[in-house]
Amino acid sequence: MNRAKVNQNIDLDCYNNVWVIGEQVNGEIHPVTVELLGEGRKLANSIQKDLYVVLAGCNLNSSIEKLQHFGADKIFYLNHPLLKDYSTDAYVKVISELILNRKPEIVLIGATSLGRDLGPRLAARIGTGLTADCTKLEIDPTDGKLLQTRPAFGGNLMATIICPKNRPQMSTVRPGVMEKAKYNENHTSELEVIHPILNESDIKTKLIRKEKFEKKRVNLIDAKIIVSGGRGLKQKEGFRLIEQLAAALKGEVGSSRAAVDSGWIEHSHQVGQTGTTVHPDLYIACGISGAIQHQAGMHESKYIIAINKDPNAPIFDICDYGIVGDLYEVIPALLSSLHEKDFLEFN
Ligand SMILES: Cc1cc2nc3c(=O)[nH]c(=O)nc-3n(C[C@H](O)[C@H](O)[C@H](O)COP(=O)(O)OP(=O)(O)OC[C@H]3O[C@@H](n4cnc5c(N)ncnc54)[C@H](O)[C@@H]3O)c2cc1C
């Protein structure tokens with residue numbers, strides 16, 4: 001329903017500015033919003049246009065106050081009690097109406113679970129294209145169009161996609177990839193509060209209750225040290241060794257997809273194209289071959305150490321230090337030398 005037609009000879013010159021669709025949960029701004037503001041500013045500067053951010057919700061005054069210091073020229077605050085919690089129907093309705101009215105040239109959305117739900121529906125409602133899960137955005141210096149790059153064909157090549165005939169040019173962007181905008185006390189974005197028309201009957205789903213999923217939080221995006229295990233561990237219990245090494249180095253535990261698919265560890269630990277993109281100071285890959293899809297999520301680590309018993313494993317092509325050996329011998333040896341170091345430091 002309400003799907004707009006694509007490729008209707010639209011006047012591209014009527015579209016202006018770069019927009020970020022902000023994300024909040026219980027009034028907390030999602031970090032991806034600040035990353036998109038960092039990237040959005042670069043794009044806006046390249047085309048000499050303004051950067052706007054849209055935030056939908058209710059009673060968001062303190063979040064809005066904070067958001068005003070991250071470099072956007074303007075904030076559209078869509079304020080309505082029915083926007084307090086995310087619902088596809090309500091958010092698509094009010095944001096698509098705003099886009100159709102104000103005509104942004106570029107719209108960026110976080111590729112979070114919320115953004116992956118919202119982005120395609122918004123694009124269909126407006127009648128434009130959407131490039132999902134982008135890892136790189138640039139402006140083509142020849143015509144000012146947005147070049148949207150994302151992994152394709154199982155991550156074996158990077159595809160650059162353009163949206164030549166429709167506007168806005170829309171992308172969802174992977175969290176953790178773009179550099180965050182800096183907090184600037186001296187900058188305050190202009191604020192426009194909008195009270196959209198929205199009724200209960202516009203929303204087909206009903207939120208009955210919210211349940212917090214109690215699990216150990218994994219923060220791979222901000223981790224300085226990550227120790228990851230792969231299929232070379234051979235069994236779930238192998239992750240105890242990975243956890244010990246991560247704990248000794250005060251790091252986080254990561255994994256390859258093969259380890260997740262084997263049911264040895266939860267997906268929240270997965271690094272790579274379909275997991276998390278990480279930039280730690282130190283990444284230790286244990287029993288991981290280094291498939292291109294794994295590399296896509298960790299190759300920008302400052303230092304990479306690989307432990308693998310196959311000297312021809314591709315991970316050795318990108319690591320700074322490689323240890324050819326059995327991880328069940330190498331990791332205990334590393335642990336005992338780390339404990340010895342602690343012992344010397346304490347004595
Ligand atoms: C669309 C798509 C998306 C994908 N997304 C991801 C992703 O996000 N992340 C990801 O990781 N993968 C992803 N993959 C899967 C990827 O292609 C690989 O299959 C996966 O990364 C392999 O995991 P692995 O390195 O643990 O296992 P393997 O490739 O089987 O490697 C295991 C390694 O362990 C070594 N080894 C074995 N025993 C020992 C030992 N005792 N000591 C030391 N080393 C040992 C072996 O020499 C081998 O190199 C994706 C694939 C596709 C098609």
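Both ligands and their constituent atoms are indexed starting at 1 by order of listing.
In this structure, Y183 and H69 have tilted ring planes: the angle between them lies in the 30° to 60° band.
There is a side-chain donor-acceptor pair under 3.5 Å between S171 and Q148. The closest side-chain donor-acceptor pair between Y86 and D117 falls under 3.5 angstrom.
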Stepwise side chain to side chain donor-acceptor pair (under 3.5 Å) test for K210 and N26: CA-CA 11 Å; K210 287 196 265 184; N26 299 328; 2.9 Å; yes
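Remark: ligand 1 atoms within the under-4.0 Å shell around heavy atoms of G230 are 26 (O). Atoms of ligand 1 lying under 4.0 Å from at least one heavy atom of G272, given by number and element, are 7 (C), 8 (O), 9 (N). Set against the non-hydrogen atoms of G275, the atoms of ligand 1 under 4.0 Å away are 8 (O). For ligand 1, the atoms sitting less than 4.0 Å from at least one non-hydrogen atom of K234 are 37 (C), 38 (N), numbered in the order shown with element in parentheses. Within ligand 1, the atoms closer than 4.0 Å to a non-hydrogen atom of G325 are 42 (N), 43 (C), numbered from 1 in the order shown. Close approach of ligand 1 to A291 (heavy-atom distance below 4.0 Å) involves ligand atoms 16 (C), 17 (O), 18 (C), 21 (O).
Relative to atom 23 (O) of ligand 1, the option among A258, G229, A152 with the closest non-hydrogen atom is A258. When the heavy-atom distances from atom 36 (N) of ligand 1 to P311, P151, G232 are ranked, the shortest goes to G232.
When side chains are defined from C-beta on, L67 does not count as touching L60, because their heavy atoms never get closer than 4.5 Å.
Remark: ligand 1 and T274 share an N or O pair separated by less than 3.5 Å (distance only, no angle test). By the 3.5 Å distance cut-off applied to N or O atoms, G287 is counted among the residues near ligand 1. Where the criterion is an N or O separation shorter than 3.5 Å, residue side chain and backbone included, L327 meets it with respect to ligand 1. Where the criterion is an N or O separation shorter than 3.5 Å, residue side chain and backbone included, Q293 meets it with respect to ligand 1.
Side-chain N or O atoms of Y328 include one that pairs as donor or acceptor with a backbone N or O of L233 at under 3.5 Å.
With a 4.0 Å heavy-atom cut-off, ligand 1 is reached by the backbone of S256 and by its side chain too. Only backbone heavy atoms of V271 (N, CA, C or O) come within less than 4.0 Å of ligand 1; its side chain stays farther off.
In the hydrophobic cluster analysis, where Ile, Leu, Val, Met, Phe, Trp and Tyr join through side-chain heavy atoms closer than 4.5 angstrom, I323 is grouped together with V227.
The number of heavy-atom neighbours closer than 6.0 Å to NZ of K42, taken from other residues, nucleotides and ligands shown, is above 12. Atom CD of E237 is surrounded by more than 12 heavy atoms from other residues, nucleotides or ligands within 6.0 Å.
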